[in-house]
Peer 1: 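Before anything else, here's the structure in question.
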2 protein chains.
Amino acid sequence: MNIREIAKKAEVSTATVSRVLNNSENVSSTTREKVLKVLKEYRFEMDPWAKHLASKRNITHVLIMVSRRILGSLDLKSKEFYSIVIKGIQTAANMNRSVTEIVEMETNLDEEKLKNVDGVLLVGGDTTAEHVRFFKKIGIPVVLVDQYIPTVKVDCVVSNGYDGASYAVKYLISQRFKKIVHIHGFLNHFGFKDRYNGYVATMEQNNLLPKSYEYNDEVMEDMKPLIDKMLNVYGVPEAIFASNDPIAMKVIETLSSFHIKVPEDVSVIGFDGIEKGKHFTPPLSTLKVPMHEMGSLALKRLIDIVYNQDIYPVRISLFTEFIKRGSSI
Amino acid sequence: MNIREIAKKAEVSTATVSRVLNNSENVSSTTREKVLKVLKEYRFEMDPWAKHLASKRNITHVLIMVSRRILGSLDLKSKEFYSIVIKGIQTAANMNRSVTEIVEMETNLDEEKLKNVDGVLLVGGDTTAEHVRFFKKIGIPVVLVDQYIPTVKVDCVVSNGYDGASYAVKYLISQRFKKIVHIHGFLNHFGFKDRYNGYVATMEQNNLLPKSYEYNDEVMEDMKPLIDKMLNVYGVPEAIFASNDPIAMKVIETLSSFHIKVPEDVSVIGFDGIEKGKHFTPPLSTLKVPMHEMGSLALKRLIDIVYNQDIYPVRISLFTEFIKRGSSI
DNA sequence: TCCTTTCTTGTAACCGCTTACATAATAGCA
DNA sequence: TGCTATTATGTAAGCGGTTACAAGAAAGGA
């Protein structure tokens, strides 16, 4: 059942049916009723593909919001985590008639700007419930990228840190390691917490004692005190699983200043799979998250929400892939 | 950049470009090269919306596979969990030019049948890694519905049982309950395990002792021995959170045979939000999972995989909604 | 060499919907 | 009542692909 058939049944033109479907102003109430009746009678459901194709002319305006901290480190030529995520967003935007604009999350948006924004992508772990509520209140659809807030029902795209971490730990255990330490960033960031949970659960499932240290990843300060403390209290671990690649590389650097060799003395595994790790010495073993895909999935989900009125929010989590390189046995 | 422009640049017709894009046989290698070069030069990316609309004629054949156990209880007029999920699949199928066929999971599929199957939906907690591998091997895309297998990277759509359970427990705690018991189905079913984890974690976060009992939900046997044991060992709880609505209703029935009143003596909360619970006495408080949406999301994801070559598998989890009715305070 | 078969390529209709533009109907007003 | 301003509806051209069908080119066979 398509709109031509409906038009015939209702004895009007397709244009009128379309107008009714889109709540256009210029339809007399009598014809509207008539069309609505036929629509209901035949249980008409619009073909989203056709709708979207035909709506080519109204392109979707998407705001990409990034916290200042991340925006600063953002270089669209680089292959850092968020640079690639955003490239993924833009790639998908090209294929979905959308234009994107990157804005600092801390900015106060004026109404003018918001007027022709169809949807917002909030990127990164700094996104809070407040940000989400702001857009919800004014009725603009939102998708979080690389962030999850359990207490707010809102769409998001994240990596599956729990199972990724679990995989890393299991792998290390399969290499006969038992003293496996986790060095992580702030646990109020969902991503770190998720990986942390996966680490702890898997250690416990294998009757091993989890041991973890928190490191301020935001400023990337000196890691020596932390490692020093670890060595004194816990001794030299057999393996270290780090929250992400930057931390993992910092760990390796710091260990070397203690004359501890990677991977001979300690195996190190990171998380993210950024390009830099590939060219590090030694090349970093890691759990690669499909960053590009993360971005494009988020954009596609946003489009789905805007056009197809998908009203139930979902969490989309991407599987990670273990990449074994030189930093681990 | 669309295929007409490409055709012009390559000095061929749009049909030829389309043939190259779809790896059609009947294109001479010289023209193919020529077109491919232009395609690359202009970084052509196909518009998935247009492609899908135009491909109307080749409808997508989707196999819905359900375990015998579930298929038996399946009545498409009923409002049971999987009946609604499957309705959701079929609704989405209508809007996505797909025809579905329901098959028993235990069936051996002959090659004939598999030949014109474009994708498979494996529905329910009985799906195993084996099932998935079977279809992966022969290159047919698969999406799991209401099942997650951490060890196999495959797309799936599930409900967010962890946060749902967590919400229920927090709610009960907010009602000043402390003795909160969890009665669950077999924990090797992902859904039950997920809810169980949410229950345990939230209890512990609130310094309460988790206490749970496993009940064989597959045969729905007599629950009296279980409840009897609970009453003797643990005493009368203040609240019971059940793995799903059928178990919750069974709990209420059994409690009443012990002259324990719901919700006066014990508050009971279920999970699923099936229709039956609404008309139960007392009406069941529950966490409603959007079953219809679960089905349609799964179908849409399958279509995305088949047509847009989305190659990175994802887990899509749906938020649940707490519905307070008479069975809890 | 000529005719038939097979392989390539092009033309144009179509998928289901939107919308600019044209036209018809109605209302407003002198 | 006649003329203009406004509103309601229809017509038809897209959106960017696919594919049935037609036609032209190359190959094969007598």
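Scope of the values below: all heavy atoms of this structure, side chains included, with no hydrogens, waters or symmetry mates. Naming: A, B, ... by sequence-line order, numbering from 1 per chain.
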Peer 1: Could you tell me whether A/Asp155 and A/Arg315 have a side-chain N and a carboxylate O separated by less than 4.0 Å?
Peer 2: no
Peer 1: Rounded to whole angstroms, how far apart are CZ on A/Arg4 and C1' on D/dG10?
Peer 2: 14 Å
Peer 1: Whole angstroms only, please: what is the CD1-C1' distance between A/Ile59 and C/dT18?
Peer 2: 16 Å
Peer 1: Reckon B/Ser18 has a side-chain N or O less than 4.0 Å from the OP1 or OP2 of D/dT19?
Peer 2: no
Peer 1: When you check the gap from the basic side-chain N to the acidic O, do A/Lys113 and A/Glu101 get nearer than 4.0 Å?
Peer 2: yes
Peer 1: Of the listed nucleotides (C/dC15, C/dG10, C/dC17), which one gets closest to any side-chain atom of B/Leu53?
Peer 2: C/dC15
Peer 1: State, yes or no, whether a side-chain contact exists between A/Leu63 and A/Leu121 at a heavy-atom distance under 4.5 Å.
Peer 2: no
Peer 1: Using a strict cut-off of less than 4.0 Å between a Lys/Arg side-chain nitrogen and an Asp/Glu carboxylate oxygen, indicate whether B/Asp47 and A/Arg97 qualify as a salt bridge.
Peer 2: yes
Peer 1: Over the length of the helix from C/dT1-D/dA30 to C/dA30-D/dT1, how much do the five-pair end axes diverge, rounded to 10 degrees?
Peer 2: 40°
Peer 1: Kindly indicate whether the side chain of A/Arg97 and the base of D/dG16 share any N or O donor-acceptor pair separated by less than 3.5 Å?
Peer 2: no
Peer 1: Can you find a heavy atom in the side chain of B/Glu104 that is under 4.5 Å from one in the side chain of B/Val66?
Peer 2: no
Peer 1: Return the nearest nucleotide to the side chain of B/Ala15; candidates are C/dG16, C/dG10, C/dT19.
Peer 2: C/dG10
Peer 1: Can you check whether A/Thr31 has a side-chain N or O nearer than 4.0 Å to OP1 or OP2 of D/dT9?
Peer 2: yes
Peer 1: Answer whether the closest heavy-atom distance between the side chains of B/Val20 and B/Leu39 falls below 4.5 Å.
Peer 2: yes
Peer 1: Is there a side-chain polar atom (N or O) of A/Ser55 under 4.0 Å from OP1 or OP2 of C/dT18?
Peer 2: no
Peer 1: From NZ of A/Lys51 over to C1' of C/dC15, roughly how many Å is that when rounded to an integer?
Peer 2: 16 Å
Peer 1: When you measure from every atom of DNA chain D, which of residues 40-48 of chain A have a heavy atom less than 4.0 Å away?
Peer 2: none
Peer 1: Indicate yes or no: at least one non-hydrogen side-chain atom of A/Val289 is less than 4.5 angstrom from one of A/Phe319.
Peer 2: no
Peer 1: Whole angstrom is fine here: how far is it from CG in B/Asn2 over to C1' in D/dG14?
Peer 2: 12 Å
Peer 1: Do A/Arg133 and A/Glu130 meet the salt-bridge criterion of a basic N to acidic O distance under 4.0 Å?
Peer 2: yes
Peer 1: Which nucleotide in the list D/dT18, C/dT11, D/dT9 gets nearest to the side chain of B/Asn22?
Peer 2: D/dT18
Peer 1: Using whole Å, what does the distance between atom P of nucleotide D/dT18 and atom CG of B/Asn26 come to?
Peer 2: 16 Å
Peer 1: Name the residue closer to the 5' end of DNA chain C, choosing between B/Ala50 and B/Arg19 according to the nucleotide with the nearest heavy atom.
Peer 2: B/Arg19
Peer 1: Can you tell which of A/Leu122, A/Ile305, A/Thr127, A/Leu302 makes a side chain to side chain contact (heavy atoms under 4.5 Å, CB included) with A/Val142?
Peer 2: A/Leu122
Peer 1: By nearest nucleotide on DNA chain D, pick out whichever of A/Thr14 and A/Arg32 is the more 5' one.
Peer 2: A/Arg32
